[in-house]
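When a ligand or atom number is given, it counts from 1 through the structure's own listing order. This one's a predicted model, so the numbers in the text were calculated from it and none came from an experiment.
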Amino acid sequence: MAKLITVFGATGSQGGSVANALLEDQDFKVRAVTRNASSDKAKALQEKGAEVVVASMDDPSTLGPALQGVHGVFVVTNYWEHLDEEREVKQGKAVADAARAAGVLHVVFSGLENVQKIAGFPLPHFDAKGRIEEYMTSLDLPVTFVRYPFYYENYINFIKLKPQKQEDGTYVLGIPMEGAAMDSVSVADMGPAVREIFKNWAEWVRRTVGFTADKLTIQQHADILSKHLAPKVFKATDMTADAFAQLGFPGADDLGNTFKFKRLHNLVRSLDLTRQLNPAAKTFDTWVGENKDVLQNALD
Ligand SMILES: NC(=O)c1ccc[n+]([C@@H]2O[C@H](COP(=O)([O-])OP(=O)(O)OC[C@H]3O[C@@H](n4cnc5c(N)ncnc54)[C@H](OP(=O)(O)O)[C@@H]3O)[C@@H](O)[C@H]2O)c1
């Protein structure tokens with residue numbers, strides 16, 4: 001019998017890829033959670049065969065019904081919608097409590113490190129997920145933590161991380177890695193990886209998997225973008241992470257400290273495990289080659 005999986009964030013990047021991968025596999029059925037069942041993305045999921053339910057991680061009373069009778073749940077919390085660490089922690093704990101109450105057999109949570117504990121400086125969008133991981137572990141939930149690195153898609157969708165056009169017509173990649181290499185992945189490639197984790201839950205439960213499909217410097221990203229999008233020319237910023245953190249827009253300190261943490265600490269992200277879970281996970285070069293048009297359209 002097909003296993004029913006509730007997918008939080010099914011209308012978004014991570015959960016959308018997970019929901020679509022599960023919908024392509026007869027071993028699974030999908031219950032997609034959204035706060036707005038009339039959005040185009042929610043309707044598209046319904047058309048593909050998902051059961052769409054309205055629930056919110058901010059309203060614990062809605063979570064029991066969303067998790068009733070399911071084998072597993074994919075959980076992603078979205079810090080960037082509110083920039084509030086405590087709210088994100090509350091959301092994650094509410095889903096954890098509801099999963100335990102419903103007797104869910106396998107939770108896959110999109111977590112990250114507790115940077116405050118590891119590095120001694122605050123990084124709210126990591127710390128919140130680290131605190132949720134700790135809470136889930138304390139409940140002894142049957143959970144797999146998946147940790148996503150930088151998405152290639154940020155160059156298209158993430159306003160503050162898109163290439164910025166300069167007066168001379170060249171583009172600067174503003175990610176302040178200060179010459180260090182950074183893990184990254186196509187978020188769209190990780191849905192099949194999470195599906196594999198649900199398929200072989202006994203193998204993956206109580207483990208942490210750090211995703212990555214490529215580890216390159218930002219100048220290497222720039223060179224690959226220049227190769228595929230010629231005659232446009234891209235280069236890496238020479239800004240430091242500390243200077244980026246002072247830029248003043250909401251979330252600038254979070255982003256600056258994110259890249260500082262990535263540069264100073266050896267985050268455990270595994271190319272081998274990622275390829276084991278999805279052998280088709282693309283390198284940045286392949287992804288840019290396949291997404292030239294959408295990248296061109298996203299540039300100013
Ligand atoms: N960008 C990166 O490189 C990167 C890397 C690692 C980790 N992350 C983390 O990824 C997270 C965002 O995931 P994403 O990129 O998939 O986001 P996204 O594409 O913006 O989608 C957000 C999803 O969350 C759902 N959602 C938000 N608040 C909700 C609530 N209260 N109850 C139920 N559902 C809710 C939304 O559903 P509806 O609107 O339909 O209700 C939507 O499906 C962030 O926390 C970020 O820190 C990002």
Novice: Between ligand 1 and S39, can you find any atom pair, the residue atom being a heavy atom, that is separated by under 4.0 Å?
Specialist: no

Novice: Please could you name the atoms of ligand 1 that D58 approaches to less than 4.0 Å, counting only its heavy atoms?
Specialist: 31 (N)

Novice: Near S13, which atoms of ligand 1 are under 4.0 Å from a heavy atom of that residue?
Specialist: 15 (O), 16 (O), 18 (P), 19 (O)

Novice: Any cation-pi pair here, K160 with F249, using under 6.0 Å and within 45°?
Specialist: yes

Novice: How does K41 reach ligand 1, by side chain, by backbone, by both or by neither, if only non-hydrogen atoms under 4.0 Å count?
Specialist: neither

Novice: State which residue, out of Q68, H71, R31, fulfils the side chain to side chain contact (heavy atoms under 4.5 Å, CB included) condition with L4.
Specialist: R31

Novice: Cation-pi between K235 and Y171: NZ/CZ under 6.0 Å from ring centre and within 45° of the ring axis?
Specialist: no

Novice: Measure the distance from atom 27 (C) of ligand 1 to every protein heavy atom, then report the residue, atom name and distance (to 0.1 Å) of the closest one.
Specialist: R35 NH2, 3.3 Å

Novice: Nearest to atom 5 (C) of ligand 1, what protein heavy atom do you find, and at what distance?
Specialist: P149 O, 3.2 Å

Novice: Who passes ring-ring contact (aromatic ring centres under 6.0 Å, His included) against F109, sequence neighbours left out?
Specialist: none

Novice: Looking only at protein heavy atoms, which one is nearest to atom 37 (O) of ligand 1, and how far off is it?
Specialist: T11 OG1, 3.2 Å

Novice: At a 4.0 Å threshold, what atoms of ligand 1 neighbour a non-hydrogen atom of Y79?
Specialist: 44 (C), 45 (O)

Novice: Could you tell me whether N78 approaches ligand 1 through its side chain, its backbone, both or neither, with non-hydrogen atoms closer than 4.0 Å?
Specialist: both

Novice: Following the transitive rule for hydrophobic clusters with a side-chain heavy-atom cut-off under 4.5 Å over Ile, Leu, Val, Met, Phe, Trp and Tyr, establish whether F126 and F145 coincide in one cluster.
Specialist: no

Novice: Heavy atoms only, cut-off 4.0 Å: how does E88 contact ligand 1, side chain, backbone, both, or neither?
Specialist: side chain

Novice: Show me which atoms of ligand 1 lie under 4.0 Å from any heavy atom of Q91.
Specialist: 31 (N)

Novice: May I ask you to check whether over 12 heavy atoms, not counting those of Q26, lie within 6.0 Å of atom CD?
Specialist: no

Novice: Of all the atoms in ligand 1, which lie at a distance below 4.0 Å from a heavy atom belonging to F150?
Specialist: 3 (O)

Novice: Distance under 4.0 Å to a non-hydrogen atom of H125: what atoms of ligand 1 satisfy this?
Specialist: 47 (O)

Novice: What protein heavy atom is closest to atom 47 (O) of ligand 1, reported as residue, atom name and distance in Å?
Specialist: K129 NZ, 2.9 Å

Novice: For atom 11 (C) of ligand 1, grab the closest protein heavy atom and report residue, atom and distance to one decimal in Å.
Specialist: T77 O, 3.4 Å

Novice: Which residue owns the protein heavy atom closest to atom 3 (O) of ligand 1, what's the atom, and how far is it?
Specialist: N154 ND2, 2.8 Å

Novice: Roughly how far apart are L123 CG and F259 CZ, rounded to 0.5 Å?
Specialist: 10.0 Å

Novice: How far is atom 23 (C) of ligand 1 from the closest protein heavy atom, and which atom is that?
Specialist: G9 CA, 3.7 Å

Novice: For D183, enumerate each residue passing the side-chain hydrogen bond (donor to acceptor under 3.5 Å, both in side chains) test, keeping only those at least two apart in sequence or located in another chain.
Specialist: T212

Novice: Which protein non-hydrogen atom lies closest to atom 32 (N) of ligand 1, naming both residue and atom, and how far is it?
Specialist: M57 N, 2.8 Å

Novice: Walk me through whether F284 and F150 qualify under ring pair (Phe, Tyr, Trp, His ring centres under 6.0 Å).
Specialist: CA-CA 11 Å; F284 186 64; F150 181 93; 8.5 Å; no

Novice: Let's go through F198 and W204 carefully: what are the C-alpha distance in whole Å and the side-chain angles of both, what is the deciding distance for ring pair (Phe, Tyr, Trp, His ring centres under 6.0 Å) to 0.1 Å, and is it a yes or a no?
Specialist: CA-CA 8 Å; F198 278 122; W204 295 99; over 10 Å; no

Novice: Pull out every atom of ligand 1 sitting under 4.0 Å from any heavy atom of W80, numbered as shown with elements.
Specialist: 44 (C), 46 (C), 47 (O)

Novice: With nothing but distance in play, are any N or O atoms of V76 less than 3.5 Å from an N or O of ligand 1?
Specialist: no

Novice: Please tell me whether E88 and T77 have a donor and an acceptor in their side chains that are separated by less than 3.5 angstrom.
Specialist: yes

Novice: Within the 4.0 Å heavy-atom shell around T34, which atoms of ligand 1 are there?
Specialist: 38 (P), 40 (O), 41 (O)

Novice: Among L139, V143, T6, V205, exactly one meets side chain to side chain contact (heavy atoms under 4.5 Å, CB included) together with V107. Which residue is that?
Specialist: V143

Novice: Describe, in one word, how the ring planes of Y79 and H82 are oriented to each other, choosing from parallel (under 30°), tilted (30 to 60°) and perpendicular (over 60°).
Specialist: perpendicular

